[in-house]
Amino acid sequence: VGVASQDRVAFLDKNGIEHFEVFFGASLLNAVCVDVNWRLAAPEIEYIVNDAQAKVLVVGPDFVAVLDAIAANLTTVTRILVIGGHEGHESYEDWVASFPADDPGAESQSGDVAFQLYSSGTTGRPKGVMLSNDNFFSLLPLAKEMWELTHDSVNLIAMPLFHIGGGGWAVAGMYEGCTSVIFRELDPAALIRTIEEERITHAFLVPAVLQFMLMVPGVADADYSSLRVLVYGASPISEDVLARCVEMFAPCKFWQAYGLTETTGAVVTLAPEDHDPAGPNRHRLRPCGLPGPGVELRIVGDDDRACN
């Protein structure tokens, strides 16, 4: 399709293997995968695809209606591929099957963009965050050091891949060669069954999902013995929900991760030793933790002066 180094390839679909085919396929060309937030309205999706100057757009079957609404207004897209087929556009599966699975041998530089995600920020339209190879390789080794991800881990990919907590977490596990279990639709009851059936060892979940899991009938009867590490973050968590989860999933290690898209994910973490609901330091369940390795942190007041 004529995709060159650092060209953008936009992807609009829920979690699935196709995301990783596009993500790693683009990286072999030194191109950039742009995962689009599928929860947005059609005009916002149109804006992101155009702002990224995407050359290719891959669309999942659930978003054909969105594609039909915006296709005529896409200013840089030269090829549209639809997973599952479409009467007006090429089938993703047929297109992939028409090419050999060869490595094109493209070279990349440490400062080249590897992944582009859009962060809404606090004002205006979504902003494209360009994460480089350096960004990823500065943090990926920490996944093994801190979260104990290894080649024999079974990693749950349940958060949306357009979010750094989804896509970044998935890449962290794949970097270590672990098995990835991909969840397309987030169903708390199915999540509990999957942990038991697939013998999940590692997971990243947001507090709302943990709270919903606690409400599932029979949650206390499931087998969580395979869980080694559970990382949570992306929003505040109540002390009660956290304490109940720590007790429910024991002896699984809990880590809180606080970060943002612009930092390629977590930069502040609350370690397992600070997750003791029955101990004298229960108050430590409330903070988001301490700066991670290689992180410098400065807290300032409204006047931009450092707080002591």
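A single hydrophobic cluster is not seen to contain both Tyr47 and Leu117; linkage of ILVMFWY side chains at heavy-atom distances under 4.5 Å, directly or through other members, places them apart. The hydrophobic cluster containing Leu156 also contains Trp169, counting ILVMFWY residues as joined when their side-chain heavy atoms lie under 4.5 angstrom apart, directly or transitively. Val129 and Tyr118 fall into different hydrophobic clusters, where Ile, Leu, Val, Met, Phe, Trp and Tyr are joined by side-chain heavy atoms under 4.5 Å apart, directly or via other members. When the side chains of ILVMFWY residues are joined at heavy-atom separations under 4.5 Å, either directly or via intervening members, Val206 and Ile195 end up in a single hydrophobic cluster.
Side-chain contact between Glu44 and Pro126 is absent, with no heavy atoms from C-beta onward closer than 4.5 Å. Annotation: side chain of Leu230 is not in contact with side chain of Lys253 (no heavy-atom distance under 4.5 Å).
Judged by distance alone, the side chain of His275 and the main-chain N or O of Ala271 form a donor-acceptor pair under 3.5 Å. The closest donor-acceptor contact from the side chain of His202 to the backbone of Ser153 lies at 3.5 Å or more, if one exists at all.
Between Phe63 and Trp38, the ring planes lie tilted relative to each other; the angle falls in the 30° to 60° range. Ring geometry, His86 versus His89: the interplanar angle falls from 30° to 60°, so the pair is classed tilted.
Between Arg199 and Asp223 there is a salt bridge, since at least one side-chain N of the basic residue sits less than 4.0 Å from a carboxylate O of the acidic one. Ion pairing between a basic and an acidic side chain is recognised when a charged N comes within 4.0 Å of a carboxylate O; Asp187 and Arg193 show no such pairing.
Under the 6.0 Å cut-off for aromatic ring centres, Phe204 and His163 do not qualify, their centroids lying 6.0 Å or more apart.
Counting heavy-atom neighbours within 6.0 Å of Phe136 CZ, excluding the residue itself, gives a total above 12. Within a 6.0 Å radius of OH in Tyr258, no more than 12 heavy atoms belonging to other residues, nucleotides or ligands are found. Heavy atoms of other residues, nucleotides or ligands lying less than 6.0 angstrom from CD of Gln6 number more than 12. Surrounding CE of Met130 are at most 12 heavy atoms belonging to other residues, nucleotides or ligands under 6.0 Å away. Shown here is Glu21, whose CD atom has more than 12 heavy atoms of other residues, nucleotides or ligands within 6.0 Å. Within a 6.0 Å radius of CG in Leu297, more than 12 heavy atoms belonging to other residues, nucleotides or ligands are found. No more than 12 heavy atoms of other residues, nucleotides or ligands lie within 6.0 Å of CD in Glu107, so this atom counts as exposed by the packing criterion. In Lys14, the NZ atom is crowded: over 12 heavy atoms of neighbouring residues, nucleotides or ligands sit closer than 6.0 Å.
Contact detail for Arg228 and Asp152: the closest heavy-atom pair is NH1-OD1, 3.7 Å. Between Thr194 and Phe183, the shortest heavy-atom distance links the atoms OG1-CE1, 3.1 Å. The heavy-atom pair separating Thr76 from Ala54 by the smallest distance is OG1-O, 2.7 Å.
Here the CZ-OG distance, from Phe249 to Ser226, works out to 10.5 Å after rounding to the nearest 0.5 Å.
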